[in-house]
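A quick write-up on the structure given underneath.
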Amino acid sequence: MKLPNPRTFRFGIALVGLAALAMALQGWAPNSQRPLRDRIPLPADWSHRHLIYSRPSTLGQALQNQQRHRFWHQWFRRNVRVELPDGGGTSSSEFDHPHDVDDAGDGWQRDWGISLGIGATVGEGMSPAKFTFDINATPSCASDFAVFNTRLTGNTSLNIAGFNNLYAGAGGLCSTGPSVLFAYRTKTDGGASGTFTSPTLSFDGTQVAYIEGGGGGAGVLHILRWKSGDGGTVGAPVLVTTSVTTGANYVTCKATATSCLLSLVFGDASGSTSSEPFYDFDTDNLYVGDNSGNLHKFTGVFFGAPAEVTTGGWPIAVRGGHVLTGPVVDSASGNIFVNDVDGTLSYVREVGSTVGACGVGIPPCLGSTSVAVSGNAGSITDAPIVDSTQGRVFSFTGNHTNAVLGGANVVQADMALSAVSVTRLDVGTGRTFHLHDGAFDDAYFSNVATGHLYVCANSGANSGSSSGAGANNHPTLKRISFNNNGTMAAVDAGTLLLATAATTCSPVTEILNGTTDWMFFSVQASGRPAVCALIGCVMSVSVPTASPFTFPAAVDAALPERGGTSGIVIDNVSTAGQASSIYFSILANSNVLHSCGGTSGVGCAVKATQSGLN
């Protein structure tokens with residue numbers, strides 16, 4: 001059975017889906033200010049750009065997608081209609097916000113920047129998280145918030161902070177802000193080792209999960225039930241009121257009015273980690289890799305008694321001695337996909353898996369096949385991207401010169417990672433910098449065959465986008481098109497040069513705002529726009545839709561940011577002032593010329609507006 005046109009389909013399934021979602025969410029809000037049945041909250045973090053849902057081609061696929069919380073997160077983000085207090089409403093639309101704010105007289109503009117401390121950053125490729133209290137109401141100054149980790153290792157350093165009153169400044173919704181919602185130091189080892197990875201949020205926003213590790217000790221899963229007002233400044237973070245080490249004690253603590261922190265040390269004592277945690281909203285399970293090549297599973301994470309599963313084959317050895325990236329859980333196939341940084345894409349079959357075969361035994365098990373994405377150590381940085389509807393997995397690799405697998409490339413495979421399914425496209429020769437993950441345009445979500453994947457790759461030797469062989473590693477935006485069967489077809493002609501020297505890009509992030517399809521990304525140095533000369537730069541470009549396809553001559557907007565940016569997270573599409581935003585941290589300390597809200601020498605959490613990067 002075929003489905004109607006994409007827009008009709010999108011809104012047609014919503015009538016049934018909204019009712020199903022409302023029923024599914026009953027009772028999932030232990031600390032919410034208003035029952036979830038009266039509103040629809042929306043978390044957004046690193047993982048939401050790694051598990052996606054393109055348009056299904058059958059009713060069966062559509063019904064299966066509707067059973068997944070993450071499908072609805074994506075649907076709301078791309079299609080929500082915001083109703084405003086005056087009774088008016090608007091579907092997604094782009095607006096010019098009259099709120100330009102000169103940041104401490106620097107001569108360039110952002111909505112705000114707030115210090116996270118000296119050397120603090122969410123980290124290259126890592127992302128903050130954003131919580132929207134109700135997508136069907138005006139964005140909330142009090143209840144919408146953004147969460148940043150800092151990767152700081154000192155005993156008294158800030159480790160994680162939340163900010164509300166996000167939409168502040170001239171023309172904004174909030175009269176003052178941003179404000180510190182909470183600021184904690186949560187390190188467990190008492191020493192200088194260990195950093196923190198991207199946070200992930202519970203559906204109701206009352207809890208945050210994040211990973212401590214990477215310093216040589218065992219990895220630690222932190223689950224935080226924060227309390228508003230804890231730690232009045234980021235310069236003086238407080239300890240969580242109650243710290244516990246068992247799930248039962250955490251459940252007891254959550255019933256009180258205090259802040260609670262559960263710290264679960266990985267069952268594999270050698271399992272230090274630099275992996276992001278992937279939370280499965282459908283099962284309340286969380287998965288995370290470690291630096292020894294093992295995949296870990298935790299159950300009852302936000303709505304039960306959290307605990308690591310250490311029986312029945314868990315943790316699962318994926319690739320011994322190799323650092324794993326964040327995993328991606330596909331509920332449709334029952335498979336979990338994970339890269340290791342040294343070049344291999346693997347999958348684990350969870351109980352109930354319907355795709356692939358076990359290497360040994362029965363699920364849960366390591367899949368019998370893998371894909372050699374790269375031939376060099378340290379060539380993969382990010383988790384794979386999984387299109388659950390199409391049954392496709394994408395992996396991005398750079399920093400290698402292997403004779404067979406050399407160059408920067410994007411690799412696509414099916415859910416069983418079968419050899420015949422592998423498609424490899426070269427997006428830059430001789431790359432010596434990380435290639436972070438790309439993003440799909442809006443057309444891809446409506447019809448894969450007419451959609452595209454945008455990648456911040458490199459120009460290639462003697463390319464037309466810059467002169468001479470020295471341009472070989474200059475960051476360059478490229479576009480990949482698809483065949484009718486959903487496989488990658490070709491790297492399209494035309495590019496957009498983003499920097500004037502060899503450097504690294506951030507991941508690419510996309511949002512459809514009205515009729516404008518925006519891509520956001522940054523470079524760590526030597527941004528090509530004049531305003532970014534000799535410095536890192538965050539940029540936006542509106543995706544061209546004209547045929548024949550040509551890239552614009554320049555980016556639409558650019559904002560100098562020292563060291564470039566972490567991964568970027570996107571919030572609302574809204575008519576309200578300053579409410580359609582992006583969030584990130586810078587990768588280098590601010591200075592006098594490019595300060596952080598007037599402060600130099602610190603890492604910085606930043607908000608900028610989607611339209612114009614004001």
Side-chain angles (χ1 to χ4, degrees), residues 31 43 45-47 116 120 122-123 126-129 131 145 147-162 181-202 205-215 217-227 230-231 234 237-254 258-269 271-279 284-291 296-308 326-327:
N31 277 320
D45 60 37
W46 77 274
S47 63
L116 294 173
V122 175
M126 301 292 174
S127 298
F131 179 73
F145 62 90
V147 179
F148 293 77
N149 79 72
T150 68
R151 299 180 67 82
L152 295 177
T153 59
N155 291 344
T156 60
S157 298
L158 172 71
N159 300 135
I160 193 160
L181 185 63
F182 57 83
Y184 295 113
R185 51 189 176 98
T186 60
K187 281 189 63 60
T188 58
D189 63 9
S193 66
T195 56
F196 296 81
T197 64
S198 304
T200 190
L201 296 166
S202 63
T206 61
Q207 299 173 78
V208 185
Y210 52 104
I211 300 297
E212 175 185 350
V220 181
L221 169 63
H222 292 295
I223 307 173
L224 169 68
R225 208 289 293 277
W226 54 270
K227 179 184 177 183
D230 272 5
V234 295
V238 300
L239 290 170
V240 178
T241 303
T242 304
S243 294
V244 296
T245 57
T246 69
N249 289 339
Y250 183 66
V251 171
T252 300
C253 182
K254 285 196 297 180
T258 63
S259 57
C260 307
L261 178 69
L262 171 63
S263 299
L264 294 175
V265 179
F266 287 14
D268 175 5
S272 62
T273 183
S274 32
S275 168
E276 305 102 318
F278 188 100
Y279 176 67
D284 202 26
N285 296 335
L286 181 146
Y287 300 83
V288 61
D290 70 27
N291 290 356
H296 298 258
K297 175 182 178 179
F298 296 82
T299 59
V301 172
F302 290 133
F303 299 103
E308 182 175 0

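Nothing here was measured: the structure is a model prediction, and the numbers come from that model.
Atom CZ of Phe131 and atom CG of Asp45 lie 12.5 Å apart (nearest 0.5 Å). Between the CD atom in Glu308 and the CG atom in Leu221 there is a gap of 9.0 Å [rounded to 0.5 Å]. Atom CG of Leu262 and atom OG1 of Thr246 lie 7.0 Å apart (nearest 0.5 Å).
Formation of a donor-acceptor pair under 3.5 Å by the Thr150 side chain with backbone atoms of Ala120 is not found in this model. Side-chain atoms of Ser198 come within 3.5 Å of backbone atoms of Ser127 as a donor-acceptor pair (strictly under, hydrogens ignored). A distance-only check finds a donor-acceptor pair linking the side chain of Lys254 to the backbone of Phe302 [under 3.5 Å]. Side-chain N or O atoms of Trp46 include none that pairs as donor or acceptor with a backbone N or O of Ala129 at under 3.5 Å. One N or O on the side chain of Asn291 and one on the backbone of Ser274 form a donor-acceptor pair closer than 3.5 Å.
Nearest heavy atom pair, residue Leu152 against residue Ser157, reads CB-CB, 3.7 Å. Nearest heavy atom pair, residue Gly300 against residue Asn285, reads N-OD1, 4.2 Å. Closest approach of Leu158 to Leu116, counting heavy atoms only: CD2-O, 3.7 Å. The two atoms that bring Gly289 and Pro327 nearest to each other are N-CD, 4.1 Å, heavy atoms only. Across Ser263 and Val220, no two heavy atoms sit closer than the pair CB-CG1, 3.9 Å. Closest approach of Arg151 to Val122, counting heavy atoms only: CD-O, 3.1 Å.
Put simply, the side chain of Pro43 does not reach to within 4.5 Å of the side chain of Ser202, judged on heavy atoms. Between Thr186 and Glu212 there is no side-chain heavy-atom pair separated by less than 4.5 Å. With contacts defined as side-chain heavy-atom distances shorter than 4.5 Å, the pair Pro306/Leu264 qualifies. Within the 4.5 Å cutoff, side-chain heavy atoms of Val238 are placed close to those of Tyr184. No side-chain heavy atom of Glu276 sits under 4.5 Å from any side-chain heavy atom of Ile211. Residues Met126 and Phe148 form no side-chain contact, since every pair of their non-hydrogen atoms from C-beta on lies 4.5 Å or further apart.
A side-chain donor-acceptor contact under 3.5 Å links Tyr279 and Asp284. Side chain to side chain, Thr197 and Asn149 fail the donor-acceptor criterion of an N or O pair below 3.5 Å.
By the side-chain contact (heavy atoms from CB on, under 4.5 Å) test, Thr241 pairs with Asp230, Thr258, Ser259, sequence neighbours left out. For Phe298, the ring-ring contact (aromatic ring centres under 6.0 Å, His included) partners at least two apart in sequence or on another chain are Phe266.
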Would you sort out whether Val288 and Thr273 count as a side-chain contact (heavy atoms from CB on, under 4.5 Å), showing the intermediate values? CA-CA 8 Å; Val288 61; Thr273 183; 4.3 Å; yes
Derivation of the side-chain contact (heavy atoms from CB on, under 4.5 Å) call for Tyr250 and Arg225: CA-CA 9 Å; Tyr250 183 66; Arg225 208 289 293 277; 3.7 Å; yes
Do Ile223 and Gln207 pass the side-chain contact (heavy atoms from CB on, under 4.5 Å) test, and can you show the C-alpha distance, the side-chain angles, and the key distance before you say yes or no? CA-CA 7 Å; Ile223 307 173; Gln207 299 173 78; 4.0 Å; yes
Leu201 and Phe145: CA distance, side-chain angles, deciding distance, side-chain contact (heavy atoms from CB on, under 4.5 Å) verdict: CA-CA 11 Å; Leu201 296 166; Phe145 62 90; 4.2 Å; yes
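For Phe278 and Tyr287, the gap between ring centers reaches or exceeds 6.0 Å.
Partner of Trp226 under the side chain to side chain contact (heavy atoms under 4.5 Å, CB included) criterion, out of Val208, Val147, Leu261: Val208 alone.
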